[in-house]
A.B. asks: 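Here it is: the structure, laid out below.
Reminder, nothing fancy here: chain letters follow the sequence lines and each chain counts from 1. Being a predicted model, the structure only gives us computed values, none of them experimental.
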Amino acid sequence: EAGVAQSPRYKIIEKRQSVAFWCNPISGHATLYWYQQILGQGPKLLIQFQNNGVVDDSQLPKDRFSAERLKGVDSTLKIQPAKLEDSAVYLCASSLAPASVETQYFGPGTRLLVL
Amino acid sequence: AQKITQTQPGMFVQEKEAVTLDCTYDTSDQSYGLFWYKQPSSGEMIFLIYQGSYDEQNATEGRYSLNFQKARKSANLVISASQLGDSAMYFCAIRQGGKLIFGQGTESSVKP
């Protein structure tokens, strides 16, 4: 089966510009996650969706980051305006359900560089 | 709050030998799940192995095995018969609710 798809793979922008990332989860996976991975660190959860509802966005910087999953399938993460410290890899993951035994499967990530 | 600690910054292992990557965790939950992921230079996080806190046997998946010591709160990954393609960053993670809490990772480099 197809894995998690993400685009673009790379993006370079200047600070204060806006950027959007797209994710399409594995077919049938109800739960979708966006993680931010800063260089040299492990991924950190930004937001979790269950179908098209937000389950956890406690670590999402809501003054500049937004995310949506309108039809419960693919999702978009937006940054506006971008800051230098937003330079990171943005990973999308999905799982069948949020239960403790469900494995999260990750996409290839989008590498963002903010100049 | 749950926490994962990976103290080995980098490891070198000879091809065909085994390597152990350390992971300790901190949690007050009785039920939890521990995961190991591999991240090659391409950036994708690849799921390797899962251990549930109530599993009595150590998890194994092919060349990967998890040395789970619940009392010591450790969940070390053992990779046997290392291959050149095993060179990557390895992340240990614990599930908190629906999200994964990751450690800082350990880089493992396989030498021919």
A.B. asks: Which atoms of A/Gln104 come close to chain B, meaning under 4.5 Å heavy atom to heavy atom: side chain ones, backbone ones, both, or neither?
C.D. replies: both
A.B. asks: Regarding A/Tyr33 and A/Ser95, is there a side-chain donor-to-acceptor distance under 3.5 Å anywhere?
C.D. replies: yes
A.B. asks: Report yes if the distance between the aromatic ring centroids of B/Phe91 and B/Tyr37 is under 6.0 Å, otherwise no.
C.D. replies: no
A.B. asks: Using non-hydrogen atoms and a limit below 4.5 Å, what part of residues 106-115 of chain A faces chain B?
C.D. replies: A/Phe106, A/Gly107, A/Pro108, A/Arg111
A.B. asks: Tell me, for A/Gln37 versus chain B, whether the close heavy atoms (under 4.5 Å) come from the side chain, the backbone, both or neither.
C.D. replies: side chain
A.B. asks: I need the B/Thr60 OG1 to B/Asn67 CG distance, nearest 0.5 Å.
C.D. replies: 12.5 Å
A.B. asks: Okay, side chain of B/Gln14, backbone of B/Pro112: is any donor-acceptor separation there less than 3.5 Å?
C.D. replies: yes
A.B. asks: Taking non-hydrogen atoms and a cut-off under 4.5 angstrom, which of residues 55-62 of chain A neighbour chain B?
C.D. replies: A/Asp56, A/Ser58, A/Gln59
A.B. asks: Is a donor on one side and an acceptor on the other found under 3.5 Å between the side chain of A/Gln36 and the backbone of A/Pro43?
C.D. replies: no
A.B. asks: Would you say B/Gln2 and B/Asp29 are linked by a side-chain donor-acceptor pair, where the criterion is simply a distance under 3.5 Å?
C.D. replies: yes
A.B. asks: Please confirm whether the ring centroid of B/Tyr25 lies under 6.0 Å from the ring centroid of B/Tyr32.
C.D. replies: yes
A.B. asks: For B/Asp86, which of B/Lys16, B/Lys111, B/Arg63 qualifies under salt bridge (Lys or Arg N to Asp or Glu O under 4.0 Å)?
C.D. replies: B/Arg63
A.B. asks: Side chain, backbone, both or neither: which part of B/Gln39 has an atom under 4.5 Å from a heavy atom of chain A?
C.D. replies: side chain
A.B. asks: If I measure from the heavy atoms of chain A, does B/Ile101 come under 4.5 Å with its side chain, its backbone, both, or neither?
C.D. replies: neither
A.B. asks: With a cut-off of 3.5 Å and sequence neighbours excluded, list every side-chain donor-acceptor pair involving residues 75-85 of chain A.
C.D. replies:
from, atom 1, to, atom 2, distance (Å)
A/Ser75, OG, A/Trp34, NE1, 2.9
A/Ser75, OG, A/Glu68, O, 2.9

A.B. asks: Using modelled atom types only, decide if a donor and an acceptor are shared between the side chain of A/Gln41 and the backbone of A/Ile38 within a distance under 3.5 Å.
C.D. replies: no
A.B. asks: Not counting sequence neighbours, which residues clear side chain to side chain donor-acceptor pair (under 3.5 Å) with B/Trp36? List them please.
C.D. replies: none
